[in-house]
S.K.: 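What follows is a structure written as structure tokens; I'll ask about it next.
Not measured: the values here are computed from a predicted model. What you see below is based on every heavy atom in this structure, not just the backbone, and it leaves out hydrogens, waters and symmetry mates.
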Amino acid sequence: MRNRTEEKFLEFYESWIFQLEQHLHQLITAHNNSNTMSEIEIRGLISKLTTHHKAYYTSKWAAIGEDVLAFFGPVWLNPLEKSCFWLTGWKPSMVFRMLDRLRKSWMPTVVLVEAQVKKLEELRVKTRFDEEKIEREMERYQVAMADKKMVELARLGCHVGGVERESAVLVEAAVKGLATRLEKMVKAADCVRLKTLKGILDVLAPPQCVEFLAALAAFQVQLRRWGNERHNVTHFYGS
């Protein structure tokens, strides 16, 4: 049964992904008509996409404050989407591999110059460093789940009749403390995602930004579409 936070974010996410698909169509149109669009128009479209992504994290952080655990078993995602997630979202270093593949299809007029390649490589190294820092914190969190205090609280909860009132308060406080740590890690991971996205867009020229954002949007839209189709087929034959 979904709680209030899950219901609200489910509604938000379905609207957000629908709007992302509309933006994707605009990006594809801009790419196909790049010779006739002014730089101001292209930059306006890029700004619209970055604003759309920021809106996602604004809503996500508000929902995480209510129930961070909902984002570790999100009801708004299909199994395929969940399988690609790293700490409740896309892994920042993934976009560099996407960018590497995208560069192979670029025409000579939009290839990266040496200065851009150097800046992107520096950003790639910084992003990987930040990911590893968060992963180490996640390991510490998982170890903390099995520390002496948590094990003792779990043992108390297994007594016949459940825990006493005092013990229940201790359990609640411990779980709340762990949830607070989780919230900080998720927000830290989201900050790396946003910094990586901004960093790449700052390096790329406007036409390159359009292709990169289109590739990122297409990945998210198609992942959802493929996952929903597979989930529906499996559900149909399993029913």
S.K.: For a 4.5 angstrom cut-off between non-hydrogen side-chain atoms, does P92 reach D130?
M.R.: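 Side-chain contact under 4.5 Å: no.
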S.K.: What I want to find out is whether R128 reaches E131 closely enough, with some N-O distance under 4.0 Å, to be called a salt bridge.
M.R.: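 The answer is yes: the pair qualifies as a salt bridge.
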S.K.: What I want to check is whether the side chains of E11 and S15 have a donor and an acceptor closer together than 3.5 Å.
M.R.: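 No, because no side-chain N or O of E11 sits under 3.5 Å from a partner of the opposite role on S15.
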S.K.: Without swapping roles, check the side chain of Q116 against the backbone of V113 for a donor-acceptor pair under 3.5 Å.
M.R.: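 Answer holds: yes.
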S.K.: Excluding sequence neighbours, so at least two apart, what forms side-chain contact (heavy atoms from CB on, under 4.5 Å) with D100?
M.R.: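 If we apply the side-chain contact (heavy atoms from CB on, under 4.5 Å) test to D100, skipping adjacent residues, the hits are R103, R124.
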S.K.: With a 4.5 Å limit on heavy-atom distance, are the side chains of L201 and L213 in contact?
M.R.: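 Yes, side chains in contact.
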S.K.: Return the CD to OG1 distance between E41 and T36, rounded to the nearest 0.5 Å.
M.R.: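 Reported value, rounded in 0.5 Å steps: 8.0 Å.
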S.K.: Salt-bridge test for K184 and E137: reply yes if a basic N is under 4.0 Å from a carboxylate O, no otherwise.
M.R.: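 Between E137 and K184 there is no salt bridge, as every charged N stays at least 4.0 Å from the carboxylate O atoms.
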S.K.: To the nearest 0.5 Å, how far apart are CG in D202 and CG in L123?
M.R.: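 That separation rounds to 9.0 Å.
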S.K.: What pairs with H31 under ring-ring contact (aromatic ring centres under 6.0 Å, His included), at least two apart in sequence or on another chain?
M.R.: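 So H31 forms no ring-ring contact (aromatic ring centres under 6.0 Å, His included) with any residue.
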S.K.: Can you measure from CZ (F96) to CG (L102) and round to the nearest 0.5 angstrom?
M.R.: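 Output value for this atom pair is 13.5 Å.
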S.K.: Show which side-chain atoms of residues 185-193 pair as donor or acceptor with protein atoms under 3.5 Å away, not counting sequence neighbours.
M.R.:
from: K187; atom 1: NZ; to: E183; atom 2: OE2; distance (Å): 3.3
from: D190; atom 1: OD1; to: K60; atom 2: NZ; distance (Å): 3.0
from: D190; atom 1: OD1; to: R193; atom 2: NE; distance (Å): 3.0
from: D190; atom 1: OD1; to: R193; atom 2: NH2; distance (Å): 2.7
from: D190; atom 1: OD2; to: K60; atom 2: NZ; distance (Å): 3.1
from: D190; atom 1: OD2; to: W61; atom 2: NE1; distance (Å): 2.9
from: R193; atom 1: NH1; to: W86; atom 2: O; distance (Å): 3.1
from: R193; atom 1: NH1; to: G89; atom 2: O; distance (Å): 3.4
from: R193; atom 1: NH1; to: W90; atom 2: O; distance (Å): 2.8
from: R193; atom 1: NH2; to: L87; atom 2: O; distance (Å): 2.9

S.K.: Between CE of M138 and CZ of R181, what distance do you get to the nearest 0.5 Å?
M.R.: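 Rounded to the nearest 0.5 Å, the CE-CZ separation comes to 9.5 Å.
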S.K.: Between N3 and D67, is there a side-chain heavy-atom distance shorter than 4.5 Å?
M.R.: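 SC-SC contact between D67 and N3 confirmed.
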S.K.: Using side-chain heavy atoms (C-beta onward) and a distance below 4.5 Å, is L197 in contact with V95?
M.R.: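 No. Closest side-chain heavy atoms not under 4.5 Å.
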S.K.: Rounded to the nearest 0.5 Å, how far does CD of Q208 lie from CD1 of I200?
M.R.: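 The CD1 atom of I200 sits 11.5 Å away from the CD atom of Q208.
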S.K.: Could you check E114 against V117 for side-chain contact (heavy atoms from CB on, under 4.5 Å), going step by step and ending with a plain yes or no?
M.R.: CA-CA 5 Å; E114 185 178 347; V117 173; 5.6 Å; no
S.K.: Can you check whether T5 reaches I64 side chain to side chain, under 4.5 Å on heavy atoms?
M.R.: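 T5 does not reach I64 side chain to side chain.
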S.K.: Closest heavy-atom contact between A214 and L24?
M.R.: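 Answer, listing the atom of A214 first, then L24: O-CD1, 3.4 Å.
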S.K.: I'd like to check R140 versus V143 (side-chain heavy atoms, cut-off strictly below 4.5 Å). Are they in contact?
M.R.: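 Not in contact.
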S.K.: Please evaluate residues F72 and L182 with respect to the criterion side-chain contact (heavy atoms from CB on, under 4.5 Å), reporting the C-alpha separation (whole Å), side-chain torsions for both, the decisive distance (0.1 Å), and the verdict.
M.R.: CA-CA 10 Å; F72 285 86; L182 268 184; 3.6 Å; yes
S.K.: Locate the shortest heavy-atom distance separating P206 from I46; write the atom from each residue and the value.
M.R.: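 Between these two residues, the closest heavy atoms are O-CD1, 3.6 Å.
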S.K.: Tell me if a side-chain donor or acceptor on H52 pairs with a main-chain N or O of W16 at a distance below 3.5 Å.
M.R.: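 Yes: the side chain of H52 pairs with the backbone of W16.
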S.K.: Around atom NZ of K91, are there more than 12 heavy atoms from other residues, nucleotides or ligands closer than 6.0 Å?
M.R.: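 Yes, the 6.0 Å shell around NZ holds more than 12 heavy atoms from other groups.
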S.K.: How many angstroms lie between CG in L69 and CZ in F71, if you round to the nearest 0.5 Å?
M.R.: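 The distance works out to 11.0 Å.
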S.K.: Between W76 and I17, is the side-chain contact (heavy atoms from CB on, under 4.5 Å) condition met? List the steps.
M.R.: CA-CA 11 Å; W76 48 88; I17 202 76; over 6 Å; no
S.K.: List in chain and number order the residues that pass side-chain contact (heavy atoms from CB on, under 4.5 Å) with E139, two or more places apart in sequence or in another chain; answer none if no residue qualifies.
M.R.: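 Per chain and number, E139 pairs via side-chain contact (heavy atoms from CB on, under 4.5 Å) with no residue.
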S.K.: If we ignore hydrogens and angles and just use 3.5 Å, is the side chain of E121 paired with the main-chain N or O of K118 as donor and acceptor?
M.R.: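 No: the side chain of E121 does not pair with the backbone of K118.
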S.K.: Where do L120 and L112 land on the side-chain contact (heavy atoms from CB on, under 4.5 Å) test, with the steps shown first?
M.R.: CA-CA 10 Å; L120 287 173; L112 297 175; 3.6 Å; yes
S.K.: Please determine which of T51, L49, L45 meets the side chain to side chain contact (heavy atoms under 4.5 Å, CB included) test together with S47.
M.R.: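 Of the listed options, the one satisfying the test is T51.
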S.K.: Taking the side chain as every heavy atom from C-beta outward, state whether Y56 and L20 have any pair of such atoms under 4.5 Å apart.
M.R.: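 Side-chain contact under 4.5 Å: no.
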S.K.: Taking only residues at least two apart or on different chains, which pairs with a member in residues 219-228 satisfy salt bridge (Lys or Arg N to Asp or Glu O under 4.0 Å)?
M.R.: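 Listed once each, the pairs are E21-R225, E81-R224.
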S.K.: Taking only residues two or more places apart in sequence or in another chain, which ones pass side-chain contact (heavy atoms from CB on, under 4.5 Å) with S59?
M.R.: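 Applying side-chain contact (heavy atoms from CB on, under 4.5 Å) to S59 gives F9, F12.
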S.K.: For G73, is there any backbone N or O sitting under 3.5 Å from a side-chain donor or acceptor partner on K82?
M.R.: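 Not at all, since once roles are kept as given, no pair shorter than 3.5 Å links the two residues.
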S.K.: Taking side chain as C-beta onward, heavy atoms only, is P74 less than 4.5 Å from T88?
M.R.: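 No, every pair of side-chain atoms sits at 4.5 Å or beyond.
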